[in-house]
Every structure is written in structure tokens, then in C-alpha cells.
Asker: 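Starting off with a structure, shown below.
Everything numeric here is computed off the predicted structure, so don't read it as measured data. Computation of the quantities below employed the complete heavy-atom set of this structure, encompassing side-chain atoms and omitting hydrogens, waters and symmetry-equivalent molecules.
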Amino acid sequence: MKAAIHTLGCKVNIYESEYITNILKENGYQIVDFDSKADIYIINTCTVTNTSDKKSEKMIKRARKQNKDAIIIAMGCHAQIKGDNIDADIIIGNKDKSKIISLIEEYQENKNKIKRIYNLDNISFEDMYISSFNSHTRAFVKIQDGCDAFCSYCIIPYARGPIRSKDPKTVIKEITSLVENGYKEIILTGIHTGKYGKDINYTFEQLLKDIIKIKNLYRIRISSIEINELTDPILDLIKDNKIIAKHLHIPLQSGSDKILKLMDRKYDLKFYKDRIEKIRKMIKDVSITTDLIVGFPNENEKDMEDTLKFLKEIKFTKIHTFPYSKREGTKAASMENQIDETIKRKRVKTVLELSDQLEQDFYQSKLNETEEVIIEQTKDGKSYGYTSNYIKVEINSPLRPNEVISVKINKVNNKKVTGKII
């Protein structure tokens, strides 16, 4: 049978879709493009914004239209939150994804709609294990699920449940297997990565210490981590170990203390800035990227001016910017002074323009420096890969994926970085 998978949302979803792709293949299914006619369509959904919900629904309808006789499976966060209203044959929330083969077989046998939506409050980590990736030269490893932060704008704690951590021995075994299969860079990912181990009397710092001992591991990258979870011992590990990438994605969400408080974030601007200054002092050449929400309820022009000022002070390499999206079931959805969509779009545009300039400035500061690049892609006689501090470099030579090359950065033009092999 032919199966097609479409993934929306975060790196955790990418990992879970890869896992499902692997178990489908192991059970004799042929994986085809989502645009093809398939017997089974799997949509790994996202619910982080209203737009994510709409995209998830659109892909479900598209699958149904492509083959009215196909089995349609909706899984993930949108399925967990809106499962009662989804037109799919099999609906799986954020538990039992690993049972997808038996669920398909059950549906084929009796043709009755299946819905697996659970209360996530007391469930354990659902183990998934991947030894190779079908579509990436970098490998993701999901180490953690769930979130207990309950930021006022965010539905994810309800969609993913509380903190749950993968057993550290399983993490080490999985990364070791990926390294043995030729992967040079492993990305640690989770819903709230820095809280890894909270539920199993372990810490993220301990996990990093165990990971860097893995033989032949070239690079480990932390996908995202909160500013108040970057402890001094973790910073020491990053500083002292070439293996841990010199790139940190640290969400800010607002440059206004008033808005941070309304968001129920767990820090203020002074704490954030002091920690960033310490990180930069300790870790040479570190690249710091961030997430930012604009147009949050009660955000006025002064708050936006403060945010832009703060962004310039921190000098992020890149700012991933999103307009606030009203999420039913969250505290912020019922707040007064919701911001007009036109104002949100204008503020997003302003921040993106600043981000482009900051990104160009960071790359420009690396001119004539030598960096080690892991090749990810070769196209039209040129190769592309990433440095430890997450600069995408173009090299004017065809090279093998996963090859490690020393490159001197010799040109930066409109955020495009070119390097010459040393």
C-alpha cells in the first residue's frame, strides 16, 4: 500500500513523522509524495496558532479530495485539541502514535472511525527511536515532551500535556546509532527542552555531559532553550566543548516588561540582558537567535518602541517574528485591548526589516574567518552547509553530504554567505 505524510509545525513533529515513516516502511508500505495518489494520507498537525489550525484542516480536506477512498489519518496537536471536529478516519492525539500500524489494520478490518484522544495529565513518555533519517542530513532526537510553563498566549501545555522525558540511556543509544550510521550533527529537540529530566530526577546538564562522551560525535545542537534554563554549568559545557554548537535559540517573545508580565513569562528584561551578556562573554562567536510575538493584547506604540530598542541592544543574529494569534482556551484570548490585524502586520514588517539588518551585520563580522562546515546539500555544482554558529555557507565545489570542510568566509551579500575551502 502507498502512504503519504505531511508534517506541519515544529521539529518535534518532524521527528515523529520520521519515526512513523520508518515504521511504515518496515511494515511494507511504500512512501509517496503527498501530492500523489495514496491509499493512506497522514497529516501530522499543528495548533500553535489559528493559522496552524487552518493549514491542518486544509491538508486534511486536500487528502480527502485526492483520493476519496483513502484512509485519512490526523494526528498531533490540532488532533488532540480539536479531535471531535475533524473529518478523518483515524484521529490520534499526542499519545499512541507509535501504534499507528495496528490502528490502520483495525480500521481496515471494520471500517469504523477510530479516535484516540486521551487526558494527558498522567501519561508517560511515548518512546520513539530512530536510527536513520530519510530526508535530512542532520538528525533530530526527541528527548522530551510536554510543557508546564502555561504562558498566557499558548495552547501547547494543553495539547502536549506535562513534562515527560526520554530515558537518558535510550537517548545515548539513539544518538550513538545515528552517529554510527554517518550523521555528523544531532539536534536535541523537545517541547520544553531545558526542562528535560525534571520528571525522572535527572537534568539537561547531566544529559549533555553524557552525550559529549559519545565516540565520533562531531556536533550536537540544542534546538531551543529558555533564558532561565541556561545555567552556568551548561554555559561552561558549551564554552569548553567543541562538540556543542555555538548557536543558541533563546525565545524573548517581547521587549517590554509590561507585556512579558501579561504573557506570564518567567523573566524580565534585565535578567534576560544580563544572561545574554554573560553568554557572549563566555562563548566566543556565539550566535543567538530568538522568537518574538508582536501585537499582544495591550501592546501600545511605546511597548513596540521599547521592544525595537531592546532587540537592537541584544543584537540577535535572527529574529523569528509572529503576530499574536488569539487561541481559544488560553488566558490571553479573553484579555481586553486586542490589537488590530493591520497594526500587527505593520509591526511584524518592522521587526523583520531589523532582523534582516542584524543578520547581515553578524555575517559581515565573520568575513575572513575560518569555520568548519558540515555539508548538507550539493546542487548545480555548489555545496551548502552550516557552521557551528549556524551560518549557512555556499561553497563553489560539489562535495558529499555530511563531509566536514574548513572554509574561509570570503563574501557576504544580502545575507548570502560564500566560503572558500581551506
Side-chain angles (χ1 to χ4, degrees), residues 4-22 33-34 41-63 72-83 85-86 88 90-98 100 116-117 120 125-126 128 130 133-136 138-147 149-151 153-161 163-164 166 187-193 195 221-226 249 251 253 289-293 318 320-330 348:
I5 302 176
H6 184 81
T7 306
L8 297 110
C10 64
K11 291 181 175 68
V12 171
N13 271 12
I14 292 171
Y15 175 92
E16 291 173 348
S17 290
E18 195 72 28
Y19 168 80
I20 285 166
T21 297
N22 286 349
D33 290 339
F34 200 84
Y41 291 96
I42 301 167
I43 300 92
N44 196 355
T45 65
C46 176
T47 193
V48 72
T49 66
N50 288 332
T51 302
S52 303
D53 280 345
K54 289 173 185 174
K55 286 180 179 177
S56 298
E57 290 291 342
K58 183 180 178 182
M59 295 311 297
I60 293 165
K61 289 175 183 175
R62 182 170 149 193
I72 310 298
I73 302 173
M75 56 185 274
C77 292
H78 178 64
Q80 177 72 34
I81 297 295
K82 299 286 187 180
N85 303 311
I86 290 175
I90 302 173
I91 300 167
I92 310 169
N94 280 318
K95 182 181 181 299
D96 284 357
K97 294 171 190 173
S98 59
I100 194 165
R116 292 292 181 94
I117 308 294
L120 301 176
F125 185 87
E126 184 173 9
M128 298 180 185
I130 297 177
F133 275 67
N134 294 287
S135 56
H136 293 85
R138 288 179 287 164
F140 297 94
V141 172
K142 177 186 170 185
I143 63 169
Q144 177 275 337
D145 207 338
C147 180
F150 289 97
C151 298
Y153 53 82
C154 188
I155 197 73
I156 297 306
Y158 306 96
R160 283 280 178 176
I163 301 292
R164 310 183 297 285
K166 183 179 283 188
I187 301 170
L188 300 179
T189 189
I191 300 300
H192 197 150
T193 310
K195 286 286 184 75
R221 193 178 296 278
I222 302 166
S223 61
S224 179
I225 189 165
E226 296 288 342
H249 186 79
Q253 306 303 12
T289 55
T290 198
D291 292 330
L292 188 83
I293 297 170
K318 191 177 181 71
H320 298 267
T321 313
F322 309 92
Y324 166 71
S325 178
K326 193 174 181 180
R327 304 300 292 122
E328 181 185 341
T330 64
V348 167

Asker: Is Glu226 close to Lys195 at the side-chain level, that is, under 4.5 Å between some pair of heavy atoms?
Answerer: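 SC-SC contact between Lys195 and Glu226 ruled out.
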Asker: Please assess Tyr324 against Ile293 for the test side chain to side chain contact (heavy atoms under 4.5 Å, CB included), listing each intermediate value before the final yes or no.
Answerer: CA-CA 6 Å; Tyr324 166 71; Ile293 297 170; 3.7 Å; yes
Asker: Between Gln144 and Val12, does the side chain to side chain contact (heavy atoms under 4.5 Å, CB included) criterion hold? Intermediate values first, please.
Answerer: CA-CA 9 Å; Gln144 177 275 337; Val12 171; over 6 Å; no
Asker: Quick one: closest heavy-atom pair of His249 and Pro251, and the distance?
Answerer: O-CD, 3.6 Å
Asker: Could I get the full list of salt bridge (charged side-chain N to carboxylate O under 4.0 Å, His left out) partners for Lys55, not counting sequence neighbours?
Answerer: none
Asker: Looking at Ala79, is its backbone amide N or carbonyl O close enough to the side chain of Thr45 to form a donor-acceptor pair, meaning the two atoms are under 3.5 Å apart?
Answerer: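 Checking the backbone N and O of Ala79 against the side chain of Thr45, a donor-acceptor pair under 3.5 Å is found.
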Asker: Holding to side chain to side chain donor-acceptor pair (under 3.5 Å), I want the full list of residues that pass it with Lys166, two or more places apart in sequence or in another chain.
Answerer: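 Once residues adjacent in sequence are excluded, the partners of Lys166 under the side chain to side chain donor-acceptor pair (under 3.5 Å) criterion are Tyr15, Glu174.
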Asker: Are side-chain heavy atoms of Cys77 and Asn94 found at a separation under 4.5 Å?
Answerer: yes
Asker: Work out which heavy atom in Ala88 is nearest to a heavy atom in Ile91; give both atom names and the distance.
Answerer: CB-CG1, 4.0 Å
Asker: Is the Phe34 ring parallel, tilted or perpendicular to the Tyr41 ring (thresholds 30°, 60°)?
Answerer: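 Geometry flag for Tyr41 against Phe34: perpendicular rings.
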Asker: Backbone N or O of Met128 within a donor-acceptor pair of the Glu126 side chain at under 3.5 Å?
Answerer: no
Asker: Suppose we screen for side chain to side chain donor-acceptor pair (under 3.5 Å). Which residues come up paired with Thr47, at least two apart in sequence or across chains?
Answerer: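 Thr47: side chain to side chain donor-acceptor pair (under 3.5 Å) contacts with Asp53, Arg327.
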Asker: For Asn13 versus Leu8, what's the shortest heavy-atom pair and its separation?
Answerer: ND2-O, 2.7 Å
Asker: Which pair of non-hydrogen atoms, one from Ala74 and one from Ile86, has the smallest distance, and what is that distance?
Answerer: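 So the minimum-distance heavy-atom pair works out to CB-CG2, 3.9 Å.
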Asker: Which residues pass the side chain to side chain donor-acceptor pair (under 3.5 Å) test with Asp145, not counting sequence neighbours?
Answerer: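 For Asp145, the residues satisfying side chain to side chain donor-acceptor pair (under 3.5 Å) (neighbours in sequence not counted) are Lys142, Arg160, Arg164.
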Asker: How close do Lys11 and Ser223 get, counting heavy atoms only, and between which atoms?
Answerer: CD-CB, 4.0 Å
Asker: Check whether any side-chain N or O of Gln80 sits under 3.5 Å from a backbone N or O of Ile117 as a donor-acceptor pair, and report yes or no.
Answerer: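 Pair absent, no side-chain N/O of Gln80 close to backbone of Ile117.
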Asker: Might you point out which heavy atoms bring Cys147 and Ile191 nearest each other, and give the distance in Å?
Answerer: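 Nearest heavy atoms, Cys147 then Ile191: CB-CG2, 4.0 Å.
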Asker: Considering residues at least two apart in sequence or located in another chain, which fulfil the side chain to side chain donor-acceptor pair (under 3.5 Å) criterion with Lys95?
Answerer: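 Residues passing side chain to side chain donor-acceptor pair (under 3.5 Å) with Lys95: none at all.
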Asker: Taking side chain as C-beta onward, heavy atoms only, is Ile42 less than 4.5 Å from Ile100?
Answerer: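 Of all side-chain heavy-atom pairs linking Ile100 with Ile42, at least one is under 4.5 Å.
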Asker: Applying the side chain to side chain contact (heavy atoms under 4.5 Å, CB included) criterion to Glu16, which one of Ile130, Asn44, Thr7 satisfies it?
Answerer: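 For Glu16, the side chain to side chain contact (heavy atoms under 4.5 Å, CB included) test succeeds with only one of Ile130, Asn44, Thr7, which is Asn44.
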Asker: Quick one: does Ser325's side chain have a donor or acceptor within less than 3.5 Å of a partner on Asn50's backbone?
Answerer: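 Indeed, once roles are kept as given, a pair shorter than 3.5 Å links the two residues.
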Asker: Identify, with sequence neighbours excluded, every residue that meets ring pair (Phe, Tyr, Trp, His ring centres under 6.0 Å) alongside Tyr158.
Answerer: Phe150
Asker: Sub-3.5 Å donor-acceptor pair from the side chain of Ser56 to the main-chain atoms of Ser52, do we have one?
Answerer: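 Yes, the answer is positive, given that a donor and an acceptor are paired below the 3.5 Å cut-off.
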Asker: Drop me the distance from Ile43's CD1 to Ile5's CD1, to the nearest 0.5 angstrom.
Answerer: 10.0 Å
